[in-house]
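Reading through the structure tokens given below for one structure.
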Amino acid sequence: MEKRYALRRYLFGAAVARTGDETAGPALLLAGLALTGSAASASFLLAGCTVAAAVGGPLVGALLDRSARPGRVLAAALALHALALAAILLSLGRAPFAVTFAIAVVAGVPGPVLSGGWTSQLSRLMAPEAVPRAGALDAMTFSLGALMGPALAGVVAVLAGAPAAVATAVALLCLALPTAWTLPPVRRHGSPVAPGGGRSFPSAVLAELTAGVRAILRNRPLARATATSVVLCAGEGAFIACCPLLGAGALGGADRGALLLSASAAASLVTNALLVRRARLPCPDAVIGGSALALAVAALLATTGAPTMVIAAALLAGAAEGPGLTALFTVRHREAPERLRGRIVTTGASLKITGFALGAGLAGAIAVHTLPGALITAAGFGLLAALVNVLMARRSPQPPAPGRDPARLGDTVPPASAP
């Protein structure tokens with residue numbers, strides 16, 4: 001009964017925080033446009049938040065792994081993000097835009113923690129046999145946030161103005177604070193590792209910040225899953241960047257592009273809901289590559305411009321994203337050693353956010369000249385991700401450890417080479 005309550009409490013905090021994060025992006029765009037009158041300024045605000053995530057993941061991940069109370073670190077990251085969003089709102093139109101942009105960069109630093117920081121704590125909160133269902137439910141909170149966030153930002157902006165949409169995102173982040181703060185402490189076995197291990201301070205700090213990257217590179221399944229997911233995220237960013245133009249061209253209005261995103265998120269939510277009913281996910285390492293292929297097919301379907309094909313493409317992209325995200329979580333929970341899990345998960349989140357931003361930026365530049373070309377770019381990223389998944393499997397075979405069933409969704413036994 002205690003475990004069940006802990007899972008419900010965790011899912012509430014994760015869902016509220018992720019919905020707040022998904023609300024913040026569109027709300028910032030709307031507020032930036034409303035208060036500065038410049039679409040470029042609004043885009044720069046969102047870009048500032050996104051770029052800072054590349055640094056924030058390893059930094060906060062190291063703090064999560066080092067802390068005896070990682071929930072306090074997670075709560076601090078939520079509070080920093082909320083405060084920075086509020087500061088952006090107060091400074092827009094009142095302070096020089098360079099100041100507002102700098103605040104946006106600060107707001108982006110804890111961004112990966114809003115996603116990966118929660119996930120990194122899940123396997124230590126649940127018994128091993130409970131992780132399969134918990135992991136699928138955790139992935140559903142991403143889809144729920146993607147479904148509710150943009151819609152909430154739009155509705156609040158229409159009813160109460162764009163600044164109120166940003167305030168709503170801040171309120172949701174604050175609502176998740178008590179859940180993060182009350183996460184249980186880490187029970188460490190043996191004596192803690194001394195920070196730095198005898199290194200000089202700069203080298204010790206560098207070692208801490210790069211530990212997640214090194215752990216990913218040294219673990220073959222983690223490297224394969226991470227590389228595939230980063231390229232896949234670039235494809236997802238490219239596809240999403242095309243949605244407003246798809247809405248305008250195929251469905252009668254650019255605002256219908258938001259409906260495509262909502263339909264995609266709903267399809268992702270449904271597929272993950274079906275996964276919750278299963279105890280096993282066949283070969284999660286390969287499922288990530290299958291999701292990439294599905295995205296490529298979806299993007300190619302959308303190039304036809306036919307309304308039914310565009311809607312089918314959005315649904316297919318979302319339906320593939322759900323199992324792909326659950327499979328990624330499965331590999332991380334299975335392979336990541338506990339002492340580095342926070343850094344591995346948040347580093348992976350940083351890389352995915354960076355890939356998403358690059359894919360969206362590239363497709364946006366191409367879509368100005370040719371929408372089919374931008375969609376083909378998205379399909380190319382999907383095919384490349386699938387190819388990376390296959391090549392890394394062939395070049396780096398890693399048989400399962402004795403007694404370990406790689407098909408089990410909730411297998412959390414670390415590999416023999418893990419510390």
Give the intermediate values and the outcome of side chain to side chain contact (heavy atoms under 4.5 Å, CB included) for residues His81 and Asp21. CA-CA 9 Å; His81 195 62; Asp21 187 36; 3.8 Å; yes

Side chain to side chain contact (heavy atoms under 4.5 Å, CB included) evaluation trace for Ile311 with Leu251: CA-CA 9 Å; Ile311 294 171; Leu251 303 178; 4.3 Å; yes

Under the criterion side chain to side chain contact (heavy atoms under 4.5 Å, CB included), I'd like the reasoning laid out for Ile88 against Val166: C-alpha separation, chi angles, the key distance, then a yes or no. CA-CA 9 Å; Ile88 290 172; Val166 178; over 6 Å; no

For Thr168 and Thr23, what are the C-alpha separation, side-chain angles and deciding distance, and is it a side chain to side chain donor-acceptor pair (under 3.5 Å)? CA-CA 8 Å; Thr168 301; Thr23 303; over 6 Å; no

Please determine whether side chain to side chain contact (heavy atoms under 4.5 Å, CB included) holds for the pair Leu173 and Leu85, giving the CA-CA distance in whole Å, both sets of side-chain angles, and the decisive distance to 0.1 Å. CA-CA 10 Å; Leu173 293 172; Leu85 288 175; 3.7 Å; yes

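With hydrogens and angles left out, the side-chain atoms of Arg9 and Thr179 include no donor and acceptor closer than 3.5 Å.
To the nearest 0.5 Å, atom CG of residue Leu172 and atom CZ of residue Arg18 are 14.0 Å apart. The line from CG of Leu183 to OH of Tyr10 is 8.5 Å long, rounded to the nearest 0.5 Å. The distance from the CD atom of Glu321 to the CD atom of Glu236 is 4.5 Å, given to the nearest 0.5 Å. Summarising the geometry, atom CD belonging to Glu335 is positioned 11.0 Å from atom OG1 belonging to Thr330; distances are rounded to the nearest 0.5 Å. Interatomic distance, OG1 of Thr141 versus CG of Leu325, reported as 8.5 Å (0.5 Å rounding).
Looking at heavy atoms from C-beta onward, Ile103 lies in side-chain contact with Ser91 at the 4.5 angstrom threshold. For the pair Leu246 and Leu375, the minimum side-chain heavy-atom distance is below 4.5 Å. Val230 has its side chain out of reach of Phe356: every pair of non-hydrogen atoms, C-beta onward, lies at least 4.5 Å apart. Residues Leu293 and Ser291 have side chains not in contact (no heavy-atom distance under 4.5 Å, counting atoms from C-beta outward). In this structure, the side chains of Pro284 and Arg334 come closer than 4.5 Å at one or more pairs of heavy atoms. In this structure, Leu295 and Phe381 have side chains that are not in contact, with every pair of non-hydrogen atoms separated by 4.5 Å or more. Between Leu328 and Lys352 the shortest side-chain heavy-atom distance falls below 4.5 Å. Using a 4.5 Å heavy-atom threshold, the side chains of Leu371 and Cys242 count as touching.
Considering all non-hydrogen atoms of both residues, Leu260 and Gly247 come closest at CD1-N, 4.2 Å. Ala167 approaches Leu89 most closely through the heavy-atom pair N-CD2, 4.4 Å. Nearest heavy atom pair, residue Leu177 against residue Ala75, reads CD2-O, 3.0 Å. Here the closest heavy-atom approach between residue Ala176 and residue Gly13 is recorded as CB-O, 3.6 Å. Scanning both residues, Ala294 and Ala320, for their nearest heavy atoms gives CB-CB, 3.3 Å. In this structure, Asn219 and Pro221 approach most closely via the heavy-atom pair OD1-CD, 3.0 Å.
Here the rule is side chain to side chain contact (heavy atoms under 4.5 Å, CB included) with Arg224, and of Asn389, Leu391, Ile216, Val388 only Asn389 fits it.
Not one N or O on the side chain of Ser268 forms a donor-acceptor pair closer than 3.5 Å with the backbone of Ser264.
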